[in-house]
Structure formats: C-alpha cells, structure tokens
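Working notes, beginning with the structure itself.
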Amino acid sequence: MTGTMHVFWMIVVMAAVTFLIRAFPFMLFGRTQRPPEMVLYLGRVISPAAIAMLVVYCVKEVSVVEFPFGLPELIAGAVVVGLHVWRKNPLLSICSGTAVYMVLIQKLFV
C-alpha cells in the first residue's frame, strides 16, 4: 500500500470511529430517554478529572531546586487560569498558556 493510500485509510478509519463514538449515546439511549444517573455523573466528572491528570503529568518532572525553579510552568499556569477565569474560553486559555510557556523556555529562561 502506498503512503498516500495508507494515510487516506487512516483518516477514513479515524473519522468512522469518531462518528461512532459520538453517535453511540444516541443509539443506546435514544433522543427522548433520559440517561441513567451514573452516565450523567460520569459526564460531569470525567472532564475535570482528565484535566487534573494532565496537569499532574505536565508538572511531575519540574524541579523547584534548580534554575529556573519551575517559574516558566508557574507563569504559564497562571496565564491559563487567569484567562480562563476572565474569558471562560478553554481554547484561548490553553493556546495562550502554551505560547507563553514556549516563549519563556526558549527566549527568557534559556
């Protein structure tokens, strides 16, 4: 299989899986039936839990005893939290925090 066909089929499979994952709750519960309380509870707690796990993963190897003492991570995290509290836009918060972090580690804390 050529590289182009391989990429094409990967995209087709990813699109099909994404569609099925999105459609599964509607196929399982229908549009009018209320989902069970356990499903509603998981819908409320999984996103914050995933974000918390990502934060822990991102800062697990930050050294606070040697230069730059975790300052780039702290500053970028403060930008993310501040923008999210101010604008309530996750995409803006995450992209801005990433950009600030990249500038800090590549230009300021070299």
Side-chain angles (χ1 to χ4, degrees):
M1 185 180 312
T2 65
T4 305
M5 287 304 294
H6 185 77
V7 169
F8 171 76
W9 284 112
M10 283 181 11
I11 292 171
V12 168
V13 168
M14 287 187 288
V17 168
T18 301
F19 175 76
L20 288 173
I21 288 172
R22 298 289 179 142
F24 182 71
F26 296 105
M27 293 186 297
L28 187 63
F29 300 116
R31 288 188 168 266
T32 57
Q33 182 182 356
R34 181 170 166 81
E37 285 301 316
M38 181 64 162
V39 173
L40 295 174
Y41 170 74
L42 289 174
R44 286 191 307 269
V45 299
I46 285 181
S47 292
I51 296 297
M53 189 170 54
L54 287 171
V55 168
V56 169
Y57 177 79
C58 289
V59 297
K60 72 179 176 161
E61 294 182 13
V62 174
S63 175
V64 294
V65 294
E66 59 186 44
F67 184 80
F69 309 107
L71 286 175
E73 292 83 1
L74 185 64
I75 294 168
V79 167
V80 170
V81 170
L83 276 174
H84 191 71
V85 167
W86 178 44
R87 302 296 296 185
K88 307 243 186 313
N89 184 336
L91 185 61
L92 174 68
S93 305
I94 293 168
C95 290
S96 299
T98 302
V100 166
Y101 179 72
M102 287 295 132
V103 168
L104 289 173
I105 65 168
Q106 293 180 9
K107 300 293 183 195
L108 192 59
F109 294 102
V110 179

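From a predicted model like this one, the values you see are computed outputs, not experimental measurements.
- Within a 6.0 Å radius of CZ in Phe67, other residues, nucleotides and ligands contribute more than 12 heavy atoms.
- At a threshold of 4.5 Å between non-hydrogen side-chain atoms, the residues Phe8 and Thr4 do not count as touching.
- Here the closest non-hydrogen pair linking Leu40 and Arg34 is CD1-NH2, 3.1 Å.
- Heavy atoms of other residues, nucleotides or ligands lying less than 6.0 angstrom from CE of Met27 number more than 12.
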Counting only pairs under 3.5 Å, give me each side-chain donor-acceptor contact of residues 68-89, with atom names and distances, residues two or more places apart or in other chains.
unit_1 : atom_1 : unit_2 : atom_2 : d
Glu73  : OE2    : Tyr101 : OH     : 3.3
Lys88  : NZ     : Val85  : O      : 3.1
Asn89  : OD1    : Leu91  : N      : 3.1
Asn89  : OD1    : Leu92  : N      : 3.2

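- Note: the hydrophobic cluster containing Val39 does not contain Ile21 (ILVMFWY, side chain heavy atoms under 4.5 Å, direct or indirect links).
- Cluster membership check: Val12 does not share its hydrophobic cluster with Phe19, using side-chain heavy-atom separations under 4.5 Å among Ile, Leu, Val, Met, Phe, Trp and Tyr.
- In terms of hydrophobic clustering, with Ile, Leu, Val, Met, Phe, Trp and Tyr side chains grouped at heavy-atom distances under 4.5 Å, Val7 and Val13 are assigned to different clusters.
- When the side chain to side chain contact (heavy atoms under 4.5 Å, CB included) test is applied to Ser63, the partners found at least two apart in sequence or on another chain are Val65, Glu66.
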Per-pair distances, 0.1 Å, donor-acceptor, side chain in residues 41-61, under 3.5 Å, sequence neighbours excluded:
none

